[in-house]
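Only one structure is covered here, and it is reproduced in the block below.
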Amino acid sequence: MAPLMQVLSQVSTIARWEIRRSFGVMGKNVLPVAVLLFILLVAVTGFTADKGLHLQNGMYRLGTDNPAVAEIFGSDPRFVIYLGDASALNAGRDSLDVVISGGEVHARDSDRGRAALTALSRDYQNYRDSVYSREQDLFAAYPLWIDLVPVKSELDFAETQSGQKLSIAPATLRFPVPEGPVQAIPTPDAGVAFTTEELRAGLSEVQGQESQIARYTELLGTESPFGSFKIPSQLSPPLPFDSIILIFLFIFPLYFTSQFYMMSIMQERLERRGEVLLSTPAGPSAVIAGKALPYFAGMILISAGIALWVQAPLLILVPLFPVILFFLASALLIGMVSRSFKELSFISIFFSTVATTYLFFPSIFANVHVISLVSPLTLIVLTLEGEAYTLSQYLFSTSLFYLTSAVLFYVGVMNFREERLFSLSGLVSRIREFVSSSLSYRHPYLSLFAFNALTVPFVFMAQMMLLVLFFNLPMPLSLILLLISAAFVEEIAKSVAITTLLLDSPLKFPWWKVVACSAVTAAAFLFAEKLLLLITLTQITESVFGSILFLSLGALTLPFLLHFAGVLITASFVRWKGGKGYLPGILLATLVHCLYNAYFILGWLT
Amino acid sequence: MKARNLALVMKKDLRGLSKERTIVLAILLQLFVAMFSSFLMVGLTSMYDPGALSQFSRVRYGIAYAGEVSPLEDLLREDRQFRVYRMDLSQAVAALGERKLAAVIYVPDTDPGGGDPVKITMYTLQNDIQAAVVEVKLKEVLLQYEKDLRALRIERLDILPVQVNFPADTRTSDFYEFIYGLLIPLLLFMPAIISAALIIDLITEEYQHHTLETLLSTPMTMTEVVWGKILACLILVPVQAGTWLVLLTANRIPIQNIPQILIQVISFSLVLILIGAITALYYRERTAAQFIFSTAIVVLMLFVLAFPDNPLNLIALLATGVAGMEQWIILGGVSLLCLGLGAATHWFAKRIASQGLSG
């Protein structure tokens, strides 16, 4: 117990130093300004929410001869409206995008004219809805209501692996007859479960929201206030609008706080200030943990505070936890790698944009597709919507975050040494240094195995990102792009460790050793891939996309040969030509990988 | 202030930037954002638009119709996207669970012209992207049925909306507003943000690496150092923004008034850069300066966006070619602001120099 207590006391001492130091920096000058700015921020947010964002004001010119029509569209700031009689409208025709005369709409035949027409027809729809929801007889204006009932598909999704096609478009013209047991479905009640006034209030409530989203796309609609009970125009997949705004509220403070940690690490490297810390009996892991602790606690506190403020359940901290770890781990490495403040800024802006995209974008589809579970934020959306998620869903969306954070922290600890912290070489060579000090030259096979197994979570993360990016595109195109880019990412990941070894000491690696190292790399990759798949399997492999990313679980020989061939090609080029051989090697390996996938998985080329 | 010294500081900082090559990351970042947002739009549209995907347009989705006879059944049968089967409800839902159907519709025995609403029950597959596509396709038919029902009940409406007839066959244009009204303004705004963050780094770095003393021991003055850095950051703005404009034009997105856009971008970038410079000079420490600056910028941007004819709105108008006189008024206002902020920066740098570095 004693050593553990010692480490804990070291961590807490360093944490206390860190708090004192950061308050010293933030001190008297910053806090009052920060408080003032925060108050201003709240005030301005309210003000702008009230006034609306004015980005597209005055984009279109509308001419009309009817004052009533001018009034309908007058509330849309995108339109500049000219009221005049027919001859005046005719004279000004060239400068108008849309003309409404005698109740008929004419748009100019140009991109802007068509866009104006689209905007106008949505406005008109909203206007009609607002009139209709005021009707005495609501059911004369809204005569049709739809109750949506979700049905769980009973087919086993793992079937895709054996090549079965999963489409709801029928393959045959035969009359559909269920093969399995038929459960009696009670005849739905024809009555409406809401009062007329409830319906009226709900309808006018969503109208405002609708127009803001509809500016950019008609495809995502608002949620019906009555759950699954909808009017036809609400049938588009809903965008969880409020939840997404709430998510930003949670993520934004995390960025700021991780910036502070990043900067604190960087500060230790300025003028070798960190030497004091390194000379204390506390090891690098205690230093890193101690410095991270205040920020970690701060993030948890802030998130809990926000959760209480918006009256969300504290349960949302559970999916947020791995995200916080990931931010801190990345901040540590960014702080350790960058050479200057400029570099720190660029890398951290780059990182936060990519991370936001990864976290944020899938959650838009929270109600549409299982792919959205790639991001832990989807779990937050679900929690906010009052829906439960299962443990396996939690594991699926957070395991990559836990694993990558662990690896990043490990690399940080291994490199938290004088010669790394105070070196000033370029970004790429620094990363190579980091990799090379994580590898042991006495046990090249063992460290190759460990390193490659640990890169797999990152590869998965990158491939998930690609999947999210491409799954929107039309079908053949998205598959091809995914095929190529996924192979490319995988080949690069596999090549990192072995290339570093070969470039550091080419003479220690005769050709037979290159082959052996490639085999170890391939084995490690396969091993980690299968292991990770066991956790995440059920969620994603159901789609044809899944089968490209993650080779089938069943066979082992062919995937091993593929991984082996890929690494061997790159390694051989590097052994043969040195650093210059890397690019052609990677490209050739990617090509081989793509051909394999195309042949075995998609059954093309046959 | 000597022009030669200004140029020296500027060159030194620009060389430092190009040596680190991390500016490449900034450019990659912008590309990434642009690519991603376009993917989002194009992807979403083609996913739901049957015409965009020729291979899916010939697919006919199986729909089971259960319950009472109604005009909806005919509407569904007329639509070439569906193949309608009349089935028993329990049978149909079981077939849906086995993915032999795309949706099941149950229609009750409600009088279409009566006082009660017609409440349809629709069964679809849970959490499935294809189910979402089918829902969107069914929406068109259901909207038509809603219209027919409304026509039957029109006598009972007590307020009638003003009638406006839209041309029947219109190609909608979803991207125009997104590209000109959102993407282009944001893309052109990013260089401003990047340059403003950069000036803070450049100034605080001299303080925190204690290189400022060395610089000032040469014949260079504090004001020359500060203005040289401001110029270095400012010069990057039109370079990045110009690249964007060229790229967009090459992508067949025509942009009007390019010179005026560049002038606007440079002017509001200068405002942000000057605010950044003042913050950095005041705090002399990166963490504090970046934190205060970024919060202040969020406040400022949110506030400005609440008003029409703000710089982002103006860029949208200029790019589409509908901006009028207001652009020159805004430009004048922003230039005045730059003058004020510039004078403040100059005065502040001078004061720091006279107090010595210890202060």
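Just so it is clear: chains get the letters A, B, ... in the order the sequence lines come, proteins before strands, and each one is counted from 1.
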* To do: Examine whether an atom of A119(A) lies under 4.5 Å from a heavy atom of chain B, and if so say whether it belongs to the side chain, the backbone or both; otherwise answer neither.
  => side chain
* Structure fact -> To the nearest 0.5 Å, atom CD1 of I200(B) lies from atom CZ of F341(A) at 11.5 Å
* To do: Give the member of L314(B), D201(B), I193(B) that has the highest number of heavy-atom pairs under 4.5 Å with chain A.
  => D201(B)
* To do: Answer yes or no: is there a side-chain heavy-atom contact under 4.5 Å between L120(A) and F166(B)?
  => yes
* Residue pair P232(A) / Y145(B), side-chain heavy-atom distance below 4.5 Å -> no
* Asked: Can any side-chain N or O of Y127(A) pair as donor or acceptor with the backbone N or O of V162(B) at less than 3.5 Å?
  -> yes
* Asked: Does V322(B) offer a backbone N or O that forms a donor-acceptor pair with the side chain of R61(A) under 3.5 Å?
  -> yes
* **The single option from N313(B), I315(B), L305(B) passing side-chain contact (heavy atoms from CB on, under 4.5 Å) against L55(A)** => L305(B)
* Asked: A92(B), P108(B), P308(B): which one forms the most heavy-atom pairs within less than 4.5 Å of chain A?
  -> P308(B)
* CZ on R114(A) to CD on E177(B), rounded to 0.5 Å -> 14.5 Å
* Structure fact -> Under 4.5 Å to a heavy atom of chain B? For L138(A) that would be neither
* Structure fact -> So CG of D147(A) and NZ of K119(B): to nearest 0.5 Å the spacing works out to 5.0 Å
* Asked: Are side-chain heavy atoms of Y123(B) and I185(A) found at a separation under 4.5 Å?
  -> yes
* **Donor-acceptor pair, side chain of D137(A) and main chain of R156(B), under 3.5 angstrom** => no
* Asked: Where along residues 147-155 of chain B does a heavy atom come under 4.5 Å of chain A, listed by residue number?
  -> L149(B), R150(B), R153(B)
* To do: Working to the nearest 0.5 Å, report the span between CG of L317(B) and CD of Q56(A).
  => 10.0 Å
* Looking at L312(B), I159(B), L302(B), V299(B), which has the largest count of heavy-atom pairs under 4.5 Å with chain A? -> I159(B)
* **Atom group of A141(A) that falls short of 4.5 Å from chain B, counting heavy atoms** => both
* To do: Check whether N310(B) gets within reach of chain A through its side chain, its backbone, both or neither, counting any heavy atom under 4.5 Å.
  => side chain
* To do: Tell me, with the steps shown, if Q290(B) and M263(A) meet side chain to side chain contact (heavy atoms under 4.5 Å, CB included).
  => CA-CA 10 Å; Q290(B) 288 281 21; M263(A) 198 50 207; over 6 Å; no
* To do: Considering only heavy atoms and a distance below 4.5 Å, find which of G113(B), A296(B), A197(B) pairs most often with chain A.
  => A296(B)
* Asked: Does some side-chain heavy atom of P143(A) sit less than 4.5 Å from a side-chain heavy atom of E146(B)?
  -> yes
* Under a 4.5 Å heavy-atom cut-off, does chain A meet the side chain of F307(B), its backbone, both or neither? -> both
* For T48(A), enumerate each residue passing the side chain to side chain donor-acceptor pair (under 3.5 Å) test, keeping only those at least two apart in sequence or located in another chain. => none
* To do: Using a 4.5 Å cut-off on heavy atoms from C-beta on, say whether the side chain of T287(B) contacts that of F260(A).
  => yes
* Asked: So which part of I100(A) gets closer than 4.5 Å to some heavy atom of chain B, the side chain, the backbone, both or neither?
  -> side chain
* Asked: How about R286(B) and S345(A): do any of their side-chain heavy atoms sit closer than 4.5 Å?
  -> yes
* Given side chains that start at C-beta, do those of Y283(B) and V33(A) come closer than 4.5 Å, heavy atoms only? -> yes
